[in-house]
Amino acid sequence: MNHTMKWVIGMGRGGIVELVSSNEPSHPLPIPERLQPDRVTDEALYYTIRTERGEHRFFDQGVSAETLGYNGNLLGPMIELPTGKTVYINTINQLDEPTSFHWHGLVIPAAEDGGPHQAIEPGEQRQVRLDVDQEPGTLWFHPHPMGATAEQVYLGLAGLLYVTDETENELPNEYGVDDIPLIVQDRLFTDDGRLDYDRQMNVDGTVGDTLLANGAIDTTFDVTTNTLRVRLVNGSNARNLDFSLSNGEALTQIATDGGMLDQPVSLKTLTLSPSERAEIIIDFSGMATGYRLALQADGIPFTTFTVRDLTEQDGDWTDAFTEAPVAHKSSETARRLTLFGMGNMVTIDGKQFDPDRIDINVRQGSTEVWEIYNREDMMGGMTHPFHVHGVQFRILERDGNPPPDNERGWKDTVAVAPGEKVKIEMTFRETRTFMYHCHILEHEENGMMGQLRVN
Ligand code: C2O
Ligand code: CU
Ligand code: CU
């Protein structure tokens, strides 16, 4: 297929394969199914999630690729987690290798967190209990077994978690109509259309030339409402993505990884590093029927919105923003962490991951400020998306300055550029052993991960 002819292989780090436009005919954007609970009581919801091997045809002319999925062939359903409820999920591993179910961004005890210590063997199952007690937001789940996270995610294991409550009723929230998810991932394919995890062989993270939105190439979505809420997830293994609109107009960001911003923020370009999320509003009012507007990543359109007959929505989404902006002040720095290296030599504080070593001990209930420093090497270095399990944090400072307006919401991952020092503040509510790591999945696998024990 001629899309394979257009790879641009350079020597730069962190993005040696550039994105290209697909030559594929466009397809309707797949909307992940909303998972129906097996059972609902007054206090609890019960769900079942199983990992499966599957196959999926990505290209009209291609073969079926071998894939992995949750309750299906590729990616997974959207699981709703209402705040104040207890959610039980029966997790089943139907793969022929160990996996785990990590609830990225959920503030829950380490025993339910699904990190590398909670692998589930082939054919085994386990019920997790998630007491949902945090702000509404767009979270996600993915595997986290030792040594196989990057490949399992690459082959399709990723799903959506929506923490919900009534405070969102002012926002567009009709799932699949005016409130849509976009899991965006770059991938490499073989000439005949299979996912190619091995060819790129980049220890700094696998990057691809083809973008998928909810698992599909070159997608379209029919807009039928004045405003559309899009929940963006950078589900790439290693690529930072710069999102923009094809007409050059600004988009409006309303939420970060773990909750709403205090105020909407208008941006021409929105950058997300791997595992970061953002909710945006795109305003189509006044656009003529038939008008097409594309969402681009790194300047390459990947999802095209076509304006149909627009209906007014109830209410005004801007009413959801009534709070005065939170003042972000720095408190004393409790710890300094240094990210360093590339390839196989990536470290945090000079160390590589050791499951038998606890790197940081903190008291339950304590609030700490951490300064994350990305130390440059002789060649500069690369951005590391730093992620902490079991908490949502605030960014206090980037190199001594307040964070940009669109980073003033709850976060669980922060991109730290070469040479940069970022201060974050978090409260440790939940106990026992959590991971913190670079969310370039290959860096995490190469040891850029530490253990935090909350006692
Ligand atoms: Cu997305 Cu260790 O996590
Ligand atoms: Cu996580
Ligand atoms: Cu990294």
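Whatever order the structure lists ligands and atoms in, that order sets their numbers, starting from 1.
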Tell me whether the rings of Phe428 and Trp370 are parallel (<30°), tilted (30 to 60°) or perpendicular (>60°).
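Rings of Phe428 and Trp370: tilted, 30 to 60°.
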Any idea how Tyr46 and Tyr88 line up, ring-wise: parallel (<30°), tilted (30 to 60°), or perpendicular (>60°)?
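Ring orientation of Tyr46 relative to Tyr88: parallel.
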Below 2.8 Å, any N, O or S contact between [X] and atom 2 (Cu) of ligand 1?
X      : value
His104 : no
His389 : yes
His437 : yes

Could you tell me whether any N, O or S atom belonging to His144 is less than 2.8 Å from the Cu ion (ligand 2)?
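His144 does not place any N, O or S atom closer than 2.8 Å to the Cu ion (ligand 2).
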If we ignore hydrogens and angles and just use 3.5 Å, is the side chain of Thr256 paired with the main-chain N or O of Trp410 as donor and acceptor?
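Looks like yes, one N/O pair under 3.5 Å.
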Answer key: the N, O or S atom of His387 nearest to the Cu ion (ligand 2) is NE2
Considering just N/O/S atoms, say which atom of His384 is closest to the Cu ion (ligand 3).
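Within His384, restricted to N, O or S, the Cu ion (ligand 3) is closest to atom ND1.
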So which N/O/S atom does His443 have closest to the Cu ion (ligand 3)?
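This residue's closest N, O or S atom turns out to be ND1.
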So that I can tick it off, tell me whether Arg194 and Asp196 are bridged by a salt bridge, with the cut-off set at under 4.0 angstrom between side-chain N and carboxylate O.
no
Hey, does the Lys NZ or Arg CZ of Lys421 hover above the aromatic six-ring of Tyr373, less than 6.0 Å from the centre and inside 45° of the axis?
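Yes.
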Verdict with supporting geometry, Asn90 and Gln125, side-chain hydrogen bond (donor to acceptor under 3.5 Å, both in side chains):
CA-CA 7 Å; Asn90 188 24; Gln125 53 180 294; 2.8 Å; yes
